[in-house]
Number of protein chains: 2
Amino acid sequence: MRPREFDHDEVLRIAFEQFWRKGVRGTSLSDIARDAGVQRGSLYNAFGSKEALFLQAYERYAGDYLAALQKALGTGSLRKRLTAFFDLTITNFRAGTPPRGCPTTRGLMELGAAEGEGLDEDARQAFAGLISRITALVQDTLSAGAKHGEFSGSPAAAALHIVTVTRGLAVLERAFGDEPQLRKVAAHTIDLVLGRKGG
Amino acid sequence: MRPREFDHDEVLRIAFEQFWRKGVRGTSLSDIARDAGVQRGSLYNAFGSKEALFLQAYERYAGDYLAALQKALGTGSLRKRLTAFFDLTITNFRAGTPPRGCPTTRGLMELGAAEGEGLDEDARQAFAGLISRITALVQDTLSAGAKHGEFSGSPAAAALHIVTVTRGLAVLERAFGDEPQLRKVAAHTIDLVLGRKGG
DNA sequence: CAAAATATTTGACACGGTGTCAATAACATG
DNA sequence: CATGTTATTGACACCGTGTCAAATATTTTG
């Protein structure tokens, strides 16, 4: 066996950075190969295809991001937790110069996900999976809040509503790039869900 | 002057249908040319570039869609208006087989909109413009509702929240394709904004 | 230590996409 | 009918994905 001449994880990192910044279709394997100091053919040999490379890079990101969200949702009053959740969400959208947006939302809308066109069902499942897991995390947080009397209502419905808002925020970020606006919507959403003054 | 051999508007219609179904990057001018029975070169001559063709096709759609929304928001109680608004929004996402999603949200996330990459600033403005105009429409509706005592709170904040939810719904549609879920979120949002039983 | 086995790298290739250009064709107008 | 103007057409350059066979560098085996 001839050993690989590049760092598998390092390439994944570099690739994801570019996919995130320029979109999946807007990033060529030549770009990634140049940036990583690897031949294009080696990428095909190691990952199979652009799609497979993206998926691996995305899964890597998704794991890290989910862990960060879990941490943000882990301490303080319910209001504090939700605030930290939205804060991390928005901060993540606005990372980099120029802001790179939400990789999940961008990927999901870019790759079609419909039968026949765009990336495989695999990609859609990866995106949908992260969204589902985020929703579950928020729902658990709300359920716990309900036990402490910090929240009344359906945790499932509220969690889905909150996550829907975060997806909407990802879109607004792309449209207007107005971070204060995003934070206003986040604050308003927390107020609506928790009751104007509650917490 | 030699006259054009194809119908300008017809081509715009055909092009938008394909952009909507397969995404902008996923649609080639060859596809459109074949479908429209026109030579690819003629499209470049008539529209300049793929980007310009998309923009014209999109503006056409945006005008029609905005008019339909305005109509939906035009009659009945505030709750009825908002219900009609969400209904039209979701129905629009789920049009076609397979569902084509929200062209605005898909285009916005697909085309990057960030400096340097993806489509021009022009495209971002077109998408952002439609979102802004929708927000203004909803805001006006809420303001009118406030006069009739059907709504209390900030129309601007509520309108932005509602439109954010619709953008989020566009994303969820792509992720899960679960129309009942979308309608639940919509109903829940109306309840939150108007008060559980109000209207 | 030599040689076989095996995986990686490399460069050439086919194919399809965007966009440009010059040559050609079709009409309007004088 | 001659001329100017615009639309059409086909060839081209360039870049993208993906495939393949040949060359290369290790590890394992004799």
Side-chain angles (χ1 to χ4, degrees), chain A residues 1-12 14-58 106-107 110-112 116-123, chain B residues 1-12 14-58 106-107 110-112 116-123:
Chain A
M1 281 233 328
R2 176 176 177 174
R4 204 154 269 165
E5 291 181 5
F6 60 88
D7 183 329
H8 195 270
D9 261 29
E10 171 83 359
V11 168
L12 243 38
I14 293 172
F16 188 72
E17 172 67 27
Q18 301 223 17
F19 285 136
W20 195 356
R21 182 153 44 84
K22 303 185 292 187
V24 179
R25 288 229 168 84
T27 301
S28 73
L29 285 198
S30 302
D31 292 341
I32 296 169
R34 190 183 328 108
D35 233 58
V38 174
Q39 288 288 109
R40 202 169 54 87
S42 295
L43 295 180
Y44 278 101
N45 175 63
F47 300 100
S49 67
K50 183 177 172 179
E51 169 187 340
L53 171 56
F54 171 73
L55 274 179
Q56 286 190 47
Y58 178 75
R106 290 189 65 184
E110 178 181 359
L111 299 183
E117 295 298 335
L119 270 214
D120 264 2
E121 177 65 13
D122 293 342
Chain B
M1 283 236 325
R2 175 176 178 175
R4 205 154 270 163
E5 292 181 4
F6 60 87
D7 184 328
H8 195 268
D9 261 28
E10 172 83 359
V11 168
L12 243 38
I14 292 172
F16 188 72
E17 171 66 27
Q18 302 223 15
F19 284 136
W20 196 354
R21 181 152 44 84
K22 302 185 292 187
V24 179
R25 288 228 168 85
T27 302
S28 74
L29 285 199
S30 302
D31 291 341
I32 296 169
R34 191 182 327 109
D35 232 58
V38 174
Q39 289 288 109
R40 203 169 54 88
S42 296
L43 295 180
Y44 277 100
N45 176 63
F47 299 100
S49 68
K50 182 177 171 178
E51 170 186 339
L53 170 57
F54 171 73
L55 274 178
Q56 286 190 47
Y58 178 74
R106 290 190 65 184
E110 177 181 359
L111 298 183
E117 294 299 335
L119 270 213
D120 264 2
E121 178 63 14
D122 294 343

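From a predicted model like this one, the values you see are computed outputs, not experimental measurements.
The shortest heavy-atom contact between A/D7 and A/D9 is OD1-N, 2.9 Å. Residues A/A123 and A/L55 approach most closely at CA-CD2, 3.7 Å, considering heavy atoms.
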Any N/O pairs under 3.5 Å between the protein and nucleotides 10-16 of chain D? List them or say none.
| residue | atom | partner | partner atom | Å |
| --- | --- | --- | --- | --- |
| D/dG10 | OP2 | B/Q39 | NE2 | 3.4 |

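In the interface, the side chain of A/R2 is paired with the base of C/dT8 through a donor and an acceptor atom under 3.5 Å apart.
Residue A/S42 places no side-chain N or O under 4.0 Å from the OP1 or OP2 atom of C/dT8.
Rounded to whole angstrom, the span from the CZ atom of B/F6 across to the P atom of D/dT9 amounts to 10 Å. Straight-line distance from the CG atom of B/L43 to the P atom of D/dT9: 11 Å, rounded to whole Å. In this structure, B/N45 atom CG and D/dT5 atom C1' are separated by 12 Å, rounded to whole Å. Taking atom CD of A/E5 as the reference point, atom P of C/dT6 lies 20 Å away to the nearest angstrom.
The side chain of B/Y44 sits closest to C/dG19 out of C/dT9, C/dG19, D/dG18. Distances were taken from every side-chain heavy atom of A/R4 (C-beta onward) to each of C/dT9, D/dT19, D/dA7; the shortest belongs to C/dT9.
At distances below 3.5 Å, at least one donor-acceptor pair connects side-chain atoms of A/K50 with backbone N or O atoms of A/V24. Side chain of A/E110 to backbone of A/R25: a donor-acceptor contact under 3.5 angstrom is found.
Note: A/F19 and A/F54 have perpendicular aromatic rings, judged against thresholds of 30 and 60 degrees for the angle between ring planes.
Both A/M1 and A/V38 lie near DNA chain C, and the one whose nearest nucleotide falls closer to the 5' end is A/M1.
Heavy atoms of B/F47 sit nowhere under 4.0 angstrom from any nucleic acid atom.
Rounded to the nearest 0.5 angstrom, B/R4 CZ and B/S42 OG are separated by 8.5 Å.
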